[in-house]
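Both counts, for ligands and for their atoms, begin at 1 and track the order of listing. Quick caveat: nothing in here was measured; it's all calculated off a predicted structure. Throughout, numbering of the chain's residues begins at 1 and tracks the sequence.
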Amino acid sequence: MRGKKILITGGTGQVARPVAEALAIDNEVWCLGRFGDPHARKALQELGVHTAVWDMATDDLEGLSRDFTHVLHSAVHRGDGRDFEETARVNAVGTARLMTHCSAAESFLYVSSGVVYNRADRTHRYRESDPLGGAAPWLPTYPIAKITAEGVVRGLAEALELPTVTARLNIAYGPYGHGGVPMILFNQMRAGQPCAVPREGQNYCNLLHTDDVVRQVPLLWDAARVPARLVNWGGDEEVGITDLLEYMSALTGVPVQLDRGDYSRETAVFDHGVRRGLIGDCSVGWRAGIARTLADLFEEYRDRIDAYMDARGAGTAK
Ligand code: NDP
């Protein structure tokens, strides 16, 4: 993709930051956010990304030009777990302001989440038409944030005739920000803390490496249309969280303590039919992707990871 004028929210986040950095090479990229972390803002600017302060809870977009060709809306206010009204308002209003401001764009991509599904069954492959109403005991306001914004996106896509795609992301990971859920779990392992897993069986997810996120964003923009298109967005493989923990332990030598109890953070696997039809397969396998991410983020384990991968003919981790 080249020569486009691209607006990105959530550009300091784990998902959108690598996209902003990659697209800034051949396009004019603008990132909006509060930039509580000034280092992230500076780093983006040094790569040629333009930045502007915008708090979607309070600010309109006056003063910002309207001639963006592509919009990636990745910012989220996940809420504090208690105030559902404020969580719904911030995500709905921020999304509405953005879509209205950029109504002349060629394509609008909203990053939603698999957390919207009513995830009653650990083994079910969730389809885009499945029941909504997901509960997230770890942050109850989060599903409401996403469901509310999805509604706004759906409505304004048609009202404004703005070609739109909503992508429900599974679990993204890679060497940006906190590294995603796998790296959060690995940090728990390093701290000697137990990792909660189900009493029986395990939770499954579709890990998506940020290299695939970066590659697939322009493909998703191409898939935008009116009425808005909806697509599950996850990695091809179904990865057991317990398998993931044990694999990270084998790669690094850091022991894992499994806490088999009544509560573990639930995850879900997707049916990939719609995504495969629109943008094809992923390119990064989860085992190689996790090894590379660990080696990037935790230098002290790099030699050991390389040796592990070499011994299995999988090449070096980096
Ligand atoms: P992060 O938590 O890493 O980043 C959140 C981003 O939102 C930051 O860039 C932050 O920017 C921005 N933001 C938060 N509040 C506001 C606000 N009031 N005004 C403007 N910007 C705000 O998020 P991720 O990168 O992990 O997630 C990106 C998107 O993907 C989200 O929509 C999330 O729901 C979705 N998703 C992510 C998954 C994952 O595995 N990471 C899984 C499923 C869905 P700043 O602080 O500078 O304002």
Next item on the list: Kindly confirm or rule out an N or O of His178 lying under 3.5 angstrom from an N or O of ligand 1.
Entry: no
Notebook entry, point to check: Of the protein's non-hydrogen atoms, which lies at the shortest distance from atom 20 (C) of ligand 1, and what is that distance?
Noted result: Trp54 O, 3.3 Å
Item checked: Proximity flag Tyr142 to ligand 1, non-hydrogen atoms under 4.0 Å -> yes
Note to self: Cation-pi check for Tyr117 against Arg168: NZ or CZ below 6.0 Å from the six-membered ring centre and within 45 degrees of the axis, yes or no?
What the structure shows: yes
Check: Strictly by modelled atom types, are His73 and Thr9 linked by a side-chain donor-acceptor pair under 3.5 Å?
Finding: yes
Margin query: Heavy-atom distances under 4.0 Å decide this one: backbone, side chain, both or neither, for Ser112 against ligand 1?
Written below: backbone
Next item on the list: Start with the C-alpha gap between Glu238 and Asn206, add the side-chain angles, then the distance that decides, and say whether side chain to side chain donor-acceptor pair (under 3.5 Å) holds.
Entry: CA-CA 5 Å; Glu238 294 180 0; Asn206 302 114; 4.9 Å; no
Notebook entry, point to check: Going by an N to O cut-off under 4.0 Å, is there a salt bridge joining Asp26 and Arg2?
Noted result: yes
Notebook entry, point to check: Got the closest protein heavy atom to atom 37 (C) of ligand 1, with its distance?
Noted result: Leu169 CD2, 3.6 Å
Next item on the list: Measure from NZ or CZ of Arg66 to the centre of the six-membered ring of Phe68, then state whether that distance is under 6.0 Å and the direction lies within 45° of the axis.
Entry: no
Next item on the list: Go through ligand 1 atom by atom and flag the ones less than 4.0 Å from a non-hydrogen atom of Ile171.
Entry: 40 (O)
Note to self: Below 4.0 Å from ligand 1: does a non-hydrogen atom of Ser74 turn up there or not?
What the structure shows: yes
Check: Looking only at distance, does Gly13 have an N or O less than 3.5 Å from an N or O of ligand 1?
Finding: yes
Next item on the list: Return a yes/no value for Val15: is any of its N or O atoms, backbone included, closer than 3.5 angstrom to an N or O of ligand 1?
Entry: yes
Margin query: Among all protein heavy atoms in this structure, tell me which lies nearest to atom 6 (C) of ligand 1, with the distance rounded to 0.1 Å.
Written below: Gly10 CA, 3.7 Å
Check: Are Thr9 and ligand 1 in contact, using a heavy-atom cut-off of under 4.0 Å?
Finding: no
Check: Going by the order shown, which atoms of ligand 1 are within less than 4.0 Å of some heavy atom of Ser113?
Finding: 43 (C), 44 (C)
Notebook entry, point to check: What do you reckon, does Gly114 put a non-hydrogen atom under 4.0 Å from ligand 1?
Noted result: no
Note to self: Under 3.5 Å between any N/O of Leu32 and any N/O of ligand 1: does that happen in this structure?
What the structure shows: no
Next item on the list: Considering heavy atoms of the protein only, find what lies nearest to atom 47 (O) of ligand 1 and give residue, atom and distance to 0.1 Å.
Entry: Phe35 N, 2.9 Å
Item checked: Flag if over 12 foreign heavy atoms under 6.0 Å of CD, Glu161 -> no
Checklist line | Where ligand 1 meets Met56 - atom numbers and elements under 4.0 angstrom, heavy-atom basis | finding: 17 (C), 18 (N), 19 (N), 20 (C)
Note to self: If you define the side chain from C-beta out and look only at heavy atoms, does anything of Thr148 sit under 4.5 Å from Thr87?
What the structure shows: no
Next item on the list: Give the atoms of ligand 1, by number and element, whose distance to some non-hydrogen atom of Val111 is under 4.0 Å.
Entry: 29 (C), 30 (O), 32 (O), 35 (C)
Notebook entry, point to check: Looking at atom 46 (O) of ligand 1, what's its closest protein heavy atom, distance included?
Noted result: Arg34 NH2, 3.1 Å
Margin query: Less than 3.5 Å apart, any donor N or O on the side chain of Thr69 or Glu106 sitting next to an acceptor on the other?
Written below: no
Notebook entry, point to check: With a cut-off of under 6.0 Å to the ring centre and 45° to the axis, is Arg17 in cation-pi contact with Tyr176?
Noted result: no
Margin query: Ignoring hydrogens and geometry beyond distance, is a side-chain donor-acceptor pair present between Asp130 and His124 at under 3.5 Å?
Written below: yes
Check: Do any heavy atoms of Arg78 fall under 4.0 Å from ligand 1?
Finding: yes
Item checked: Test item: side-chain donor near acceptor, Asn203 and Thr267, under 3.5 Å -> no
Next item on the list: Could you list which atoms of ligand 1 come closer than 4.0 Å to a heavy atom of Asp55?
Entry: 17 (C), 18 (N), 19 (N)
Note to self: Taking only non-hydrogen atoms of Asn170, do any sit less than 4.0 angstrom from ligand 1?
What the structure shows: yes
Next item on the list: Please determine, by modelled atom types, if Glu150 and Ser112 share a side-chain donor-acceptor pair under 3.5 angstrom.
Entry: yes
Notebook entry, point to check: Which heavy atom of the protein is the closest neighbour of atom 10 (C) of ligand 1, given with residue, atom name and distance?
Noted result: Thr12 OG1, 3.9 Å
Margin query: Check this for me: Glu299, atom CD, are more than 12 non-hydrogen atoms of other residues, nucleotides or ligands nearer than 6.0 Å?
Written below: no
Please list every donor-acceptor pair under 3.5 Å in which a side-chain atom of residues 181-188 meets a protein atom from a residue at least two apart or in another chain.
unit_1: Asn187; atom_1: OD1; unit_2: Arg190; atom_2: NH1; d: 3.1
unit_1: Asn187; atom_1: ND2; unit_2: Met183; atom_2: O; d: 3.4
unit_1: Gln188; atom_1: NE2; unit_2: Pro194; atom_2: O; d: 3.2

Notebook entry, point to check: Ala172 heavy atoms, cut-off 4.0 Å: which ligand 1 atoms fall inside?
Noted result: 39 (C), 40 (O)
Note to self: So for ligand 1, is Lys146 a polar contact partner (N or O within less than 3.5 Å, distance only)?
What the structure shows: yes
Check: In the protein, which heavy atom is nearest to atom 12 (C) of ligand 1, and how far is it?
Finding: Ala75 CB, 3.8 Å
Notebook entry, point to check: Can you tell me the protein heavy atom closest to atom 5 (C) of ligand 1 and the distance?
Noted result: Val76 CG1, 4.3 Å
Note to self: Quick check on the 6.0 Å ring-centre criterion: do Phe108 and Trp221 meet it?
What the structure shows: no
